[in-house]
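Worksheet: the structure to be examined is printed underneath.
Chain letters run A, B, ... following the sequence lines, proteins first and then strands; every chain starts at 1. On a predicted model such as this, the values are computed, not experimentally measured, just so you know.
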Number of protein chains: 2
Amino acid sequence: MAKEVIEKIREFNRFYTAVIGVTNNHILQSDYSLTEVRVMYEAYYSPGITARQLTGILQVDEGYLSRLIAKLVKHKIVLKKQSKEDKRIYALELSEKGKQLFSELNRRSSEAIATLIEHLTTEERLELVRLQNGIKNLLTKK
Amino acid sequence: MAKEVIEKIREFNRFYTAVIGVTNNHILQSDYSLTEVRVMYEAYYSPGITARQLTGILQVDEGYLSRLIAKLVKHKIVLKKQSKEDKRIYALELSEKGKQLFSELNRRSSEAIATLIEHLTTEERLELVRLQNGIKNLLTKK
DNA sequence: ATAAATACTTGCTTTAGGCAAGTATTTTGA
DNA sequence: TCAAAATACTTGCCTAAAGCAAGTATTTAT
């Protein structure tokens with residue numbers, strides 16, 4: 001396997017780790033951890049999702065997740081409804097307050113990205129997206 | 001600011017966060033934390049670096065870093081030499097053992113990347129690197 | 001010569017997150 | 001059909017990561 005190719009990919013990964021760090025900074029300034037925000041994200045885009053499914057997606061311990069969800073429920077950010085068909089299962093979704101918080105976090109994240117690309121022309125921004133899509137296509141192909 | 005562009009960049013960031021997670025997995029299987037390995041990285045590529053400089057680069061608390069360095073010194077991975085000109089300062093570098101460990105971690109990281117791109121042709125791999133360089137150039141320009 | 005600044009250390013605390021045992025419920029197989 | 005196994009979640013206990021703030025030693029500036 002070509003050694004320089006791997007080394008260059010690793011270098012890009014280091015570079016992009018820093019980029020992601022900057023754009024994730026808004027979360028560190030909220031009262032919630034990255035994992036908690038990821039739960040909000042999933043609850044927002046997949047309302048009705050269960051703790052079980054989340055452990056698979058987020059790759060975190062179910063005990064930890066249970067407590068984490070309990071916290072979000074206590075803060076009235078997440079709603080937890082017991083399933084009628086299977087009482088072991090709880091459907092999760094964002095409350096109105098949760099949706100507001102989530103959109104505020106999104107707004108701040110977008111701001112961080114806007115800052116990142118503020119010095120680029122419209123053409124360059126489109127080029128950036130094009131390059132990113134190319135990477136995603138290569139790495140998810142097959 | 002074009003909303004879809006930002007949304008697409010955020011989507012790519014989520015995607016690439018997962019990619020980096022997979023390729024960083026090798027570190028989680030070592031006896032050292034991500035931050036500890038980052039210290040090794042800096043000590044390897046910038047021998048003589050100080051704790052002070054590292055707090056800036058790694059963005060971690062200086063107290064935490066102090067203990068972390070003490071651990072690496074205790075494990076004989078990092079060497080710490082007090083500066084003669086300014087006794088408050090200590091120059092850090094990797095010991096032979098540290099270099100060996102670091103190269104072992106590098107080897108495993110490379111393996112993870114190799115797996116990531118194993119189904120790509122040589123052409124596609126070069127294309128991937130080209131795309132990544134394009135992104136880096138755009139985001140660091142000016 | 002002393003006050004302020006700098007580099008690092010140390011005590012204390014919080015938070016993230018894992019492991020394993022426990023409870024309630026549902027599914028399965030003799 | 002009903003006991004055993006499986007599933008979904010909870011809880012107690014623990015460790016590691018990391019921050020904050022006060023402390024020490026040294027250097028720099030007034």
Subject >> Under 4.0 Å protein heavy-atom contact, by nucleotide of nucleotides 7-15 of chain C - B base, S sugar-phosphate only >> reply: BBBBBB---
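Shown here are the ring-ring contact (aromatic ring centres under 6.0 Å, His included) partners of Tyr16(A), two or more places apart in sequence or in another chain: Phe12(A), Phe12(B), Tyr16(B). With sequence neighbours left out, the salt bridge (charged side-chain N to carboxylate O under 4.0 Å, His left out) criterion links Lys87(A) to no other residue. Under the ring-ring contact (aromatic ring centres under 6.0 Å, His included) criterion, Tyr44(A) pairs with Phe102(A), sequence neighbours left out. Scored by the salt bridge (charged side-chain N to carboxylate O under 4.0 Å, His left out) test, Lys136(B) finds Glu11(A) as partners (sequence neighbours excluded).
Atom CD1 in Ile27(B) sits about 15 Å away from atom C1' in dA17(D), given to the nearest Å. Protein atom NZ of Lys71(A) is 13 Å distant from nucleotide atom C1' of dG17(C), rounded to whole Å. Between Gln82(B) atom CD and dT26(D) atom C1' the separation is 9 Å, expressed in whole Å. Atom CD of Glu85(B) and atom C1' of dT26(D) are 14 Å apart (whole Å).
At a cut-off of 3.5 Å, with distance as the only test, no side-chain donor of Arg108(A) or Asn25(A) sits close to an acceptor on the other residue.
Nearest-nucleotide mapping onto DNA chain C: of Lys84(A) and Glu36(A), the residue sitting toward the 5' end is Glu36(A).
Contacts classified as salt bridge (Lys or Arg N to Asp or Glu O under 4.0 Å) and involving residues 72-84 of chain A (residues at least two apart or in different chains) are given here: Lys81(A)-Glu93(A).
Using a 4.0 Å cut-off, no side-chain N or O of Thr35(A) falls inside it from OP1 or OP2 of dA16(C).
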